[in-house]
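Please read the structure below before turning to the comments.
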Amino acid sequence: MPVYTVRRVLVAVPTLLLISLILFLLLDLAPGDPTAQLPLTIPPEVKENIRRSLGLGEPIHVRYLLWLKQFFVNEPLHLLSQLTGLDLGGDRHRVISWQTRSPVVDLVIERLPQTLWVVGLSYVAGIAIGLPVGIVSARHQYGWFDQVGTFVSMVGFSVPTFFSGVLLIVVFSVELGWFPSIYDTTHRVTGWDSLLFQLRQMAMPVAVLALYNAAQISRFMRASALDNLTLDYVRTARAKGLSERKVIFVHVLRNAVGPVVTVVALGVPGIFGGAIITEQIFKVNGLGQLLITSIQASDLPTVQTLTFVFAVLIVAFNLLADLLLGILDPRIRYG
Amino acid sequence: MVEAVPVRRLLERHVVRQFMRHKGALLGFAFLVFILAFVVLGPLIWTLDPQFIDIRARNSGMSLAHPLGTDQLGRDMLARLMAGGRASVAVGAAAMLLSLLIGGLVGLLAGFVRWLDGPLMRLTDLFLALPLLPLLLVVILLFREALRAAFGPEAGIFILMVAVMGITGWMQTARVVRGEVLTVKEREFVVAARSVGVPEHRIAGRHVLPNVLSPIMVSATLGMANAIITESALSFLGLGFPSDFATWGRLLFDATDYLQQYPGRVLWPGLAISLTVLSVNYIGDGLRDSLDPRSRSTHAGNL
Amino acid sequence: MRIYTMRLAGLAMLAVGVLVVSAATAAERGRDGHVSIIYWQAPSILNPYLSGGTKDIEAASIVLEPLARFDASGNLTPWLAASVPTVTNGGVSADLRTVTWKLREGLRWSDGSPVTAADVAFTAEYCRDPAGGCSQLARFDDVTAVEALDDLTVRITFGVPKPYPYGPFVGATSPILQKAQFGDCKGARAPECTEANFGPVGTGPFRVTGFRPNDVISLEANPNYRDPAKPAFATVTFKGGGDAAAAGRAVLATGEFDYAWNLQLSPEVLKGMVAAGKGNVVSSFGTLVERLVVNLTDPSPKRGEARSTRAHPHPFLADRAVRKALSMAIDRKLLVEIGYGQAGRPACNVVPAPEMYASKANDDCLRQDIEGAKRLLDGAGWRPGPDGIRQKDGVRLSILYQTSTNAVRQDFQALIKQWWSDIGIETELRNIDASVFFGGDPGSPDTYQKFFADIEMYANNFEGADPESYLGAWRCGNEPRPASQWQGENMPRYCSEAYDRLLGEMAVTGEISERARLARRMNDLLVQDYVLIPLVHRGRVSAHARSLGGVRLNTWDSEIWNIADWHRVR
């Protein structure tokens with residue numbers, strides 16, 4: 001397992017590097033001087049500093065290396081010194097948001113928890129709903145449960161989150177008054193009451209994303225279980241006289257869940273995309289909302305950093321899925 | 001979303017019959033045909049200008065003059081729904097075609113040219129890890145002005161959206177096509193063809209393409225559904241087409257403010273998006289089921 | 001200024017209730033617990049000198065205060081100063097070149113240290129540092145020195161006579177910073193002082209306890225606030241983000257928040273929300289006027305370098321009759337109804353307020369007169385051609401009408417186009433992205449300064465209550481042109497001797513009612529020459545929970561200027 005883990009991590013590094021190259025080139029190939037869009041209130045000296053830190057005028061590979069250094073050396077060092085209290089960052093340049101005039105990474109760290117909570121919980125909910133629905137659908141293919149399940153998951157795919165979100169707000173906040181329509185990011189969980197409040201304010205954003213997740217997972221689970229149900233080992237297991245419950249839960253589930261993990265990992269970018277919209281609707285003010293406000297303010301450093309952070313998160317989730325797969329299916333580790 | 005389904009032989013008639021038996025897919029197909037007719041032929045029958053303002057008839061409900069009512073400026077909702085649908089479906093179709101083109105090309109190359117296989121598949125993996133929506137937002141931020149100046153506000157955004165969705169949406173197709181090519185390549189009839197000296201490009205054209213066509217269609221349907229949703233999401237975030245240019249996403253976004261006063265105005269574009277995507281998804285589902293040989297056998301066994 | 005509410009009677013009863021309640025319990029600071037405010041644009045910084053955004057300036061106004069500010073009626077009111085200096089009380093020198101402010105005694109910062117004139121002088125130094133990129137530099141125009149004479153007295157010296165010297169330290173855009181906190185943050189270091197910029201020490205009723213940029217600000221009552229009985233609330237949550245509809249919903253429909261800012265929503269949507277009975281809508285009007293600007297010069301590309309310059313008069317808009325007909329064809333009431341509802345009223349003046357500055361000579365514009373416009377054009381020799389478009393001597397009345405991209409503006413364009421076609425004038429519409437249109441980039445042909453079109457539409461206002469510099473925009477010679485790199489504010493390229501003479505007179509007049517008369521006169525010249533065609537006087541609409549008392553909407557200063565007086569109505 002350790003060898004496998006190391007190998008997967010090593011594969012993730014060039015992926016990240018390449019993504020960073022794409023992001024860099026995107027910004028670089030954009031027409032016009034990137035500092036031309038700076039707010040007028042920024043004085044010329046500061047502009048010059050920004051230009052220099054971007055290495056404008058240098059050849060393209062030098063600029064890319066400078067950019068890499070910023071993301072992989074300078075910012076992590078600052079982060080480390082914040083965590084440990086030691087001064088490791090020194091005078092190194094930091095990526096400063098043009099809008100808030102504060103280091104972008106600090107903003108990201110402040111907002112990461114909200115986004116991860118919502119995305120993470122919606123995943124947990126999605127799996128909790130999607131797996132059993134998928135298995136039951138497969139067991140009784142074309143039965144009424146399967147038909148209904150298919151329809152509901154299709155709806156989950158097809159209704160845009162910004163539509164279902166607003167609908168939920170109108171029904172559950174305005175008409176029924178069950179849940180708050182605006183997420184309180186300053187809320188701290190200290191006891192049962194505050195935990196209850198936290199759950200209530202997360203209910204709607206998580207529900208919207210979870211519907212999407214559950215739809216996806218149940219479809220894959222159904223397909224994967226169907227594949228396995230016709231295989232010889234299932235027939236053998238049944239022939240041995242094992243109970244249907246045991247056949248399904250011990251044998252089929254274990255074998256069917258593998259491909260699902262891969263496919264779900266591939267769906268992660270979609271989830272983060274959906275989270276951007278959901279955050280906007282429910283005012284969760286996480287990374288997605290930060291991205292939107294930065295785009296509206298033409299705050300390029302923040303936009304660039306955030307896109308990269310999204311890429312890092314996606315690669316991390318994929319890595320997690322790979323490792324999970326390695327645990328579930330020993331063949332992969334040696335493959 | 002799409003699995004690489006091995007297709008042994010294209011049993012065309014059987015597939016069609018299978019597809020017809022899939023009620024959801026059949027309904028979906030019928031609805032899609034209806035939607036296409038609605039947005040393409042509809043304006044020929046319902047000739048009201050979607051931009052015409054009849055201020056005195058604003059916010060009117062359903063009536064003979066305005067079957068779906070009017071918006072806050074008195075523009076006819078039916079005409080706007082048709083115009084908006086044309087834009088949304090055009091974006092969806094164009095983005096889907098572009099991603100098919102790229103995906104098919106990459107898949108074929110990876111399948112046929114052995115030394116390209118590794119690098120191309122790594123590239124595919126890389127693209128799968130790209131954050132699509134953030135990337136799309138960034139690209140729009142950076143390139144919108146330049147393209148707007150060159151092609152005008154609507155065409156500029158159209159090109160931009162289609163290009164980015166195409167460039168970030170081809171990976172599934174590429175994987176499926178590659179898998180299909182690799183399987184087909186080893187089949188007896190292909191091996192036989194090669195042994196009698198049929199050149200590679202003829203093999204690709206005559207034997208492989210017909211076989212990969214069906215899985216491509218599956219990913220095409222899903223790609224289109226995705227593109228329609230993405231376009232509407234961009235309109236929702238205020239980064240899509242200009243505000244006065246009707247698309248389904250835009251209509252829906254403009255109407256959400258009036259959700260409680262005029263629920264109908266939200267309902268129609270919302271239904272149009274959801275049902276179109278739903279039908280496209282069902283078609284994809286039906287295609288997959290009818291193309292899958294194992295589902296064929298199980299289903300046949302059920303009969 | 002007037003405050004309109006949806007339920008005037010209800011508000012009146014509420015106000016009576018307020019008086020009783022506040023008399024009974026006005027004693028203890030923080031007695032009313034928590035109040036929550038939502039701004040659908042999220043504040044990104046709490047230092048108004050580093051941001052031009054209204055959201056940032058208003059959020060900061062809870063904490064930072066100026067020497068004087070404008071009250072809800074637009075009157076100058078002493079705030080940290082003991083009184084407003086004038087020529088009469090000797091605060092302003094006879095030559096109008098110096099102004100001397102005296103601070104109130106006993107003022108303390110929220111950290112307990114005394115507020116001194118040195119803080120005021122430092123604030124000027126901070127903003128005037130050329131490397132600091134101060135957003136409010138214009139408020140310090142013509143200032144040559146700001147000196148602390150003693151602990152409580154500060155003197156501002158101007159390089160030229162200033163009949164209206166209330167630029168520096170007046171209003172929410174120019175509050176006093178604490179020298180001890182910002183001393184090391186001058187010049188190029190200004191943006192680096194994140195901690196200070198996110199949590200300034202102030203004199204206001206609340207102090208910052210937590211700031212999440214673009215998200216939420218937490219505040220608590222300032223223990224050193226000058227009035228021991230205020231503020232009534234112990235803590236404040238200031239949430240940002242989302243959209244106007246969500247903010248309105250949170251106050252009016254679900255009651256989650258107590259106050260929502262700037263609800264730019266269609267009248268109908270607001271009405272639906274108010275029906276829930278959780279809150280009230282308040283609106284108030286400043287000086288913002290949506291107007292059409294007429295190009296008096298020829299924008300035709302064939303003029304080359306001299307395009308849209310005074311070298312060539314406009315082929316048909318140079319005719320006053322055509323300009324007047326354009327104005328007569330417009331139904332301003334309908335525009336208001338469609339676009340702004342309660343947040344707008346028909347406008348016939350470019351200086352709509354304060355009351356004494358607003359002319360009443362142009363009110364006949366309120367009536368749409370299509371037939372009159374047709375007769376006027378007929379009389380001036382503009383006859384309908386074969387295609388129905390009027391023409392004279394081969395010149396067709398065909399207008400290119402541009403504005404920024406914005407839903408309401410595009411609605412307006414479409415409507416006005418229809419009216420003009422009714423009187424035989426052809427219109428082509430064009431909308432340009434706001435960042436380009438207002439961007440002022442001399443390289444772009446699409447800016448509102450270049451004005452390569454016949455008519456353009458946008459809104460403008462003036463800060464504070466004195467319109468002198470605003471009216472100065474239409475001075476002859478202030479028009480954008482190649483020689484000025486297309487900078488300048490005289491968009492119509494207006495040039496009138498009478499107008500310039502009035503401006504010169506105003507620059508040396510200190511007496512307020514005389515200044516008001518001159519301003520009205522200039523407004524009438526502009527409007528009756530039809531170089532500016534006012535459309536809508538736009539107001540601000542906000543909402544507060546029924547249980548929140550003391551709200552007095554103020555469009556002249558920060559909207560939440562009197563948050564110290566807010567309290568819970570029981």
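These figures come from a predicted structure and were not determined experimentally. Chain letters run A, B, ... following the sequence lines, proteins first and then strands; every chain starts at 1.
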Within the structure provided, determine whether [X] and [Y] are in side-chain contact (heavy-atom separation under 4.5 Å).
X	Y	value
C/Asp215	A/Lys283	no
C/Ile38	A/Ile182	yes
A/Asn285	C/Lys239	yes

Can you check whether anything in residues 169-179 of chain A gets within less than 4.5 Å of chain C, heavy-atom wise, and list it by number?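 Counting heavy atoms that sit under 4.5 Å from chain C, the residues of residues 169-179 of chain A involved are A/Ile169, A/Ser173, A/Val174.
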Output the distance between atom [atom1] ([X]) and atom [atom2] ([Y]), rounded to the nearest 0.5 Å.
X	Y	atom1	atom2	value
C/Arg212	A/Leu290	CZ	CG	12.0 Å
C/Thr194	A/Leu107	OG1	CG	9.0 Å
C/Arg249	A/Ser181	CZ	OG	6.5 Å

Which portion of C/Tyr49 sits near chain A, non-hydrogen atoms under 4.5 angstrom: neither
List the atom of A/Arg111, the atom of C/Pro213, and the distance in Å for their closest heavy-atom pair.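 Between these two residues, the closest heavy atoms are NH2-O, 2.8 Å.
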Below 4.5 Å from any heavy atom of chain C, which atoms of A/Gln289 appear? Answer side chain, backbone, both or neither.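 A/Gln289 touches chain C through side-chain heavy atoms alone.
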